Amino acid sequence: MSAVCLPRTCRLLRQVPRGLPAAMRRHFSLDVAAPLLRTQGFVNGRWVSAASVFPVLDPATGQEIARVADFGPAEAKQAVDAAHEAFQSWKHVTAKERSVVLRKWFDLLMLHRDDLASIITFECGKPIRESLGEISYSASFLEWFSEEARRIYGDIVPPPARDRKILLLKQPIGVASIITPWNFPSAMITRKVGAALAAGCTVVVKPAEDTPLSALALAELAAQAGVPAGVFNVVPCSRDQTPSVGRVLCTDPLVAKISFTGSTNTGKVLLKMAADTVKKASMELGGHAPFIVFDSADVDRAVGGAMASKFRNSGQTCVCSNRFLVQSGIYERFLEKLGRAMDSELRVGHGSEPHTTQGPLINAGAAEKVVQQISDAVSRGAKVLKGGKRLDGSFMEPTLLADVTADMLCTKEETFGPLVPVIRFDTEEEAVAVANASSVGLAGYFYSQDVGQIWRVVEALEVGIVGVNEGLLSTPEATFGGVKQSGLGREGSKYGIDEYLEVKYMCFGGLDP
Ligand code: NAP
């Protein structure tokens, strides 16, 4: 690992939590190494201020933890210009050299894992254990793409005539605009940027308003790793500035590619903007994952998978199980065991507390959405077996609902909260039909020990990612991406880099036969 000298620790604003249940009230503060707490934007290798700032809040307490430069369209344009200028040289840097820089960046993330994880916990609310996991996951994309950089092979194809050769060359596409959400403030950036930089592209990153600090800490470490000026730029902005900054990033003719992770609605807005200049686009959008438990399943394993796939980040991941379908013969047993696991394993609290497993939701509106789904389900006949209530601030009780039916709101839309709605079914055909009755298809999970059924259901599910007897799937070696309105393209794996490459056909003719 590269050794980096860090100045003394910097403590950001002491906070008195207001949103927590009374029993949990105490002081929380974000203590991280000073150079990682950046509050200016990062353009062309320099830290840049803006005319105004916007606050970053701890969602657990509602307290301000930092004020960050609020970039507008002019600064976004400067970043695009810088990225375009830097592309002219970065594309000629050898794959081996790009690989070395990415590997150094990976080492630095791992070296500063604790501080980077604290930043995530304080700006997005995630329990510290999960934030540490996110940093390892985030770093793993830099490591993976540092290796993939050296394997961007083209093809030599047998020609149809003897006087020519056919070559297919892969080349970097150019400047990529990267727009990311708050729920994985570090990993959603490196999953894209690792591939982009490995391919020889340069980037402008617009992080979510809620979580700019993780993106800016990545910029600090990119600079320390030797990423050249202009290759990695970060344009933080408030939600007020987002549409105008987004317009620059999606319409500027110097931008060749947009890569977005976020909601399906925003994805459609960005695609429409990018259409005028026909940019290549990757879209990682919303999910509505089915989690099916067949009679033949190992129930304990299914309960473990349900806990892992539902409650990570308090239910705020795009691959979170959103609809639980359980076959009649195993229904009561599954509910009973899942209820017990929820009682014994889940602890609501501030993410920095070591025993917390359930932090706050990102804001009060997100908690209100879960409450509405619960009331709608109850009004239509669902039974609350656990939880059901909103706590102070944006905290939510982990909730288990039985007797859920396919006409309830919670089975029609993404929840993004700690709600387990359980639907009873009788046949495999019925389960697959309910699972596929959605306009999106990102992840899906099922538990079965019947090999014939496993293959049938894998092939029948309309999703981009399927977990068979497994609830945690994400890894840089495999593809990540959805079908239907869950998106376009794939991230991670050997395919992720293709999103940042063009294939050029070279016909080398005039050769003597
Ligand atoms: P979001 O509201 O769509 O926001 C995502 C990003 O888009 C944020 O940076 C946001 O900026 C920005 N944005 C919004 N409007 C924009 C515009 N007009 N121009 C440019 N940028 C714009 O989504 P979210 O609520 O943060 O994230 C949750 C959603 O993301 C869920 O649906 C989840 O399933 C999905 N998600 C998908 C994946 C995946 O890999 N498929 C992974 C994680 C999350 P502001 O913050 O300033 O609004």
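Counting starts at 1 for both ligands and their atoms, following the listed order. Quick caveat: nothing in here was measured; it's all calculated off a predicted structure.
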S.K.: Evaluate the side chain to side chain donor-acceptor pair (under 3.5 Å) criterion for residues Arg113 and Ser136: first the C-alpha distance (whole Å), next the side-chain angles of each, then the deciding distance (0.1 Å), finally the verdict.
M.R.: CA-CA 7 Å; Arg113 187 167 165 255; Ser136 298; 2.9 Å; yes
S.K.: Is the Phe395-His350 ring centre distance short of 6.0 angstrom?
M.R.: no
S.K.: Between the main-chain N or O of Ala460 and the side-chain N or O of Asn436, is there a donor-acceptor pair closer than 3.5 Å?
M.R.: yes
S.K.: Considering only residues two or more places apart or on different chains, which pairs with a residue in residues 172-183 satisfy salt bridge (Lys or Arg N to Asp or Glu O under 4.0 Å)?
M.R.: none
S.K.: In terms of relative ring orientation, are Tyr137 and Phe184 parallel, tilted or perpendicular, with 30° and 60° separating the classes?
M.R.: perpendicular
S.K.: Can you tell me which residues line ligand 1 if we count any heavy atom under 4.0 angstrom from one of its atoms, in chain and number order?
M.R.: Ile179, Thr180, Pro181, Trp182, Asn183, Met188, Arg191, Lys206, Pro207, Ala208, Glu209, Arg239, Thr242, Gly246, Phe260, Thr261, Gly262, Ser263, Thr266, Leu270, Glu284, Leu285, Gly286, Gly287, Cys318, Glu414, Phe416, Leu442, Phe480
S.K.: What about the rings of Phe106 and Phe141, do their centers lie closer together than 6.0 Å?
M.R.: no
